[in-house]
Amino acid sequence: MTHENHSILVVGSLAFDDLEMPSGTFEDVIGGAATYSSIAASVLAPVRLVGVVGADFPQPMLDELGKRGVDTTGVERQSGKTFRWRGRYSHDLASRETLDTQLNVFADFRPKIPAAFKGSPLVMLGNIHPALQLDVLKQVDRPQLVVADTMNFWIKGEPKALEELLPKIDLLVINDEEVRELAGIHNLRRAADDVRKRGPKALIVKRGEHGALLFDAQGVFFVPAFPLEDVRDPTGAGDSFAGGLLGYLASHDHTQTHAMRRAMFFASAMGSFCVEDIGPKRLLSITRRDLRARLDQFRAMVEYGGDLPFRD
Ligand code: AMP
């Protein structure tokens, strides 16, 4: 079956990241949630990116995105410095702390959706102030699917705006700590039910190296994370996961039953590529053939030889 690729509107941060890893410190690494999501999604579908960068952001990076099918006409360049985030990872890379956040040009970011982007059928609202996420939704014409990310900072600091956003999105993609905080409930299943009652029909809970859970009308679905021998940098894995998910949904009939379940494998595959090198380096190098190979590895990983025969 052929399916016309739909475009994905991605709104969020473009950044410089300074990463303190057990393997060393890496500074001025290109980052940002929208950067990771766009790169991952662009392997499968056309992307329209909206964000802001300062005078210091390298034009060759935007050109590279352009070559990959990411329309960057919605990326404003302002005088001043690009958003900068500094993080330090634990020895096992399982946790990290934010050492510094310099908003710079991102402080006054008010997403302006270009006229040519307003009809985008799929929308990814990256992790920005929920009032800005709402503002993006006011600017677009009836998208078919709206996906949003958020973080503890907004859950704690902007509960009202977030509550207003929840009924306006179709899918929320957050991590387990965040869903517990958003619901005020520790049990993941109950927390997910609570969040779904407040708006989004579907919720994905990311659990890092422990995979991800999808909660929707069909029940609960699980996709593992790909067990890699070497994990170098988990930065952006969650955003790459969301990009892979949207990339699949944009390039296939996303209204089909279980389309979201299938999309979870593309999402997890993109997350796994992301962590294989520092910053978006590995993600930028993958081909559709690499993706195919990893999907085959996923299939082999969950293949159990047919039924699970058992009689009571
Ligand atoms: P992730 O590892 O998926 O949570 O995403 C990390 C990316 O998010 C990094 O490249 C950062 O530049 C970016 N980031 C960190 N803090 C923020 C923030 N407060 N708002 C928007 N983007 C951020």
Side-chain angles (χ1 to χ4, degrees), residues 10-21 26-41 49-54 56-57 61 65 75 81-90 93-111 124-133 136 147-158 162 172-178 204-209 212 225 231-246 267-268 270-284:
V10 175
V11 184
S13 59
L14 291 97
F16 281 122
D17 292 340
D18 298 323
L19 308 168
E20 296 187 16
M21 319 291 303
F26 301 86
E27 297 193 319
D28 300 324
V29 177
I30 298 286
T35 313
Y36 282 106
S37 293
S38 301
I39 298 169
L49 177 58
V50 172
V52 62
V53 295
D56 51 358
F57 195 85
M61 184 63 218
L65 290 174
V75 178
K81 288 184 182 168
T82 300
F83 172 75
R84 184 175 287 267
W85 175 76
R86 188 175 189 96
R88 183 191 291 144
Y89 283 86
S90 59
L93 295 176
S95 60
R96 72 175 182 211
E97 57 174 322
T98 292
L99 299 177
D100 191 24
T101 300
Q102 290 172 22
L103 292 175
N104 300 328
V105 295
F106 200 50
D108 301 315
F109 177 50
R110 301 286 173 274
M124 171 72 213
L125 301 171
N127 167 30
I128 52 176
H129 194 302
L132 296 183
Q133 293 176 314
V136 170
V147 180
D149 184 9
T150 192
M151 67 191 287
N152 296 37
F153 185 74
W154 305 124
I155 295 170
K156 227 186 248 128
E158 296 293 338
L162 200 52
L172 183 67
V173 185
I174 54 180
N175 67 33
D176 42 9
E177 256 177 59
E178 291 159 351
I204 290 178
V205 179
K206 295 171 289 175
R207 310 194 71 194
E209 62 176 326
V231 174
R232 292 202 69 202
D233 173 16
T235 312
D239 311 309
S240 306
F241 181 100
L245 187 95
L246 276 156
S268 192
M270 286 303 178
S272 73
F273 285 124
C274 174
V275 305
E276 284 184 314
D277 211 336
I278 304 297
K281 199 169 161 194
R282 174 73 179 123
L283 212 52
L284 281 166

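We count residues from 1, following the sequence as given. One-based numbering, in listed order, for ligands and for the atoms of each. Keep in mind that the numbers below use all heavy atoms, side chains included, and drop hydrogens, waters and symmetry copies.
- Here's the thing with A15: none of its N/O atoms is less than 3.5 angstrom from an N/O atom of ligand 1.
- When hydrogens are left out, the protein atom nearest atom 16 (N) of ligand 1 is W85 CD1, 3.7 Å; that is the closest non-hydrogen contact.
- Contacts between R96 and ligand 1, counted as non-hydrogen atom pairs separated by less than 4.0 Å, involve the side chain only.
- Remark: ligand 1 atoms within the under-4.0 Å shell around heavy atoms of G236 are 1 (P), 2 (O), 3 (O), 5 (O), 6 (C).
- Between S13 and ligand 1, at least one N/O pair is under 3.5 Å apart.
- Under a 4.0 Å criterion applied to the non-hydrogen atoms of N127, ligand 1 contributes the atoms 20 (N), 21 (C).
- The protein heavy-atom contact nearest to atom 8 (O) of ligand 1 is A33 N, 3.9 Å.
- For F153, no heavy-atom contact with ligand 1 is shorter than 4.0 Å.
- Looking at F106 next to ligand 1, no N or O pair under 3.5 Å apart turns up.
- For atom 7 (C) of ligand 1, the closest non-hydrogen atom on the protein side is D239 OD2, 3.9 Å.
- Heavy-atom separations between F241 and ligand 1 are all 4.0 Å or longer.
- Of the protein's non-hydrogen atoms, F83 CE2, 3.8 Å is the one closest to atom 14 (N) of ligand 1.
- By the 4.5 Å heavy-atom criterion applied to side chains, M21 and R232 are not counted as neighbours.
- Partners of W154 by ring-ring contact (aromatic ring centres under 6.0 Å, His included), not counting sequence neighbours, listed by chain and number: H129.
- Distance alone, capped at 3.5 Å, is enough to place a donor-acceptor pair between the T82 side chain and the G54 backbone.
- At least one side-chain heavy atom of I174 sits less than 4.5 Å from a side-chain heavy atom of T150.
- Those atoms of ligand 1 that come under 4.0 Å of a heavy atom in T235, given as number and element, are 2 (O), 6 (C), 9 (C), 10 (O).
- In this structure, atom 19 (N) of ligand 1 lies nearest to the protein heavy atom M151 SD, 4.1 Å.
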(request) May I have the step-by-step check of salt bridge (charged side-chain N to carboxylate O under 4.0 Å, His left out) for R86 and E27, ending in yes or no? (result) CA-CA 9 Å; R86 188 175 189 96; E27 297 193 319; 2.8 Å; yes
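- By the 4.0 Å N-to-carboxylate-O rule, R84 lies close enough to D28 to be salt-bridged with it.
- A salt bridge does not link K81 with D56: every distance from a Lys NZ or Arg NE/NH1/NH2 to an Asp or Glu carboxylate oxygen is 4.0 Å or more.
- Considering only residues two or more places apart in sequence or on other chains, Y89 meets the ring-ring contact (aromatic ring centres under 6.0 Å, His included) condition with none of them.
- The side chain of D17, and not its backbone, has at least one atom closer than 4.0 Å to an atom of ligand 1 (non-hydrogen atoms only; side chain from C-beta on).
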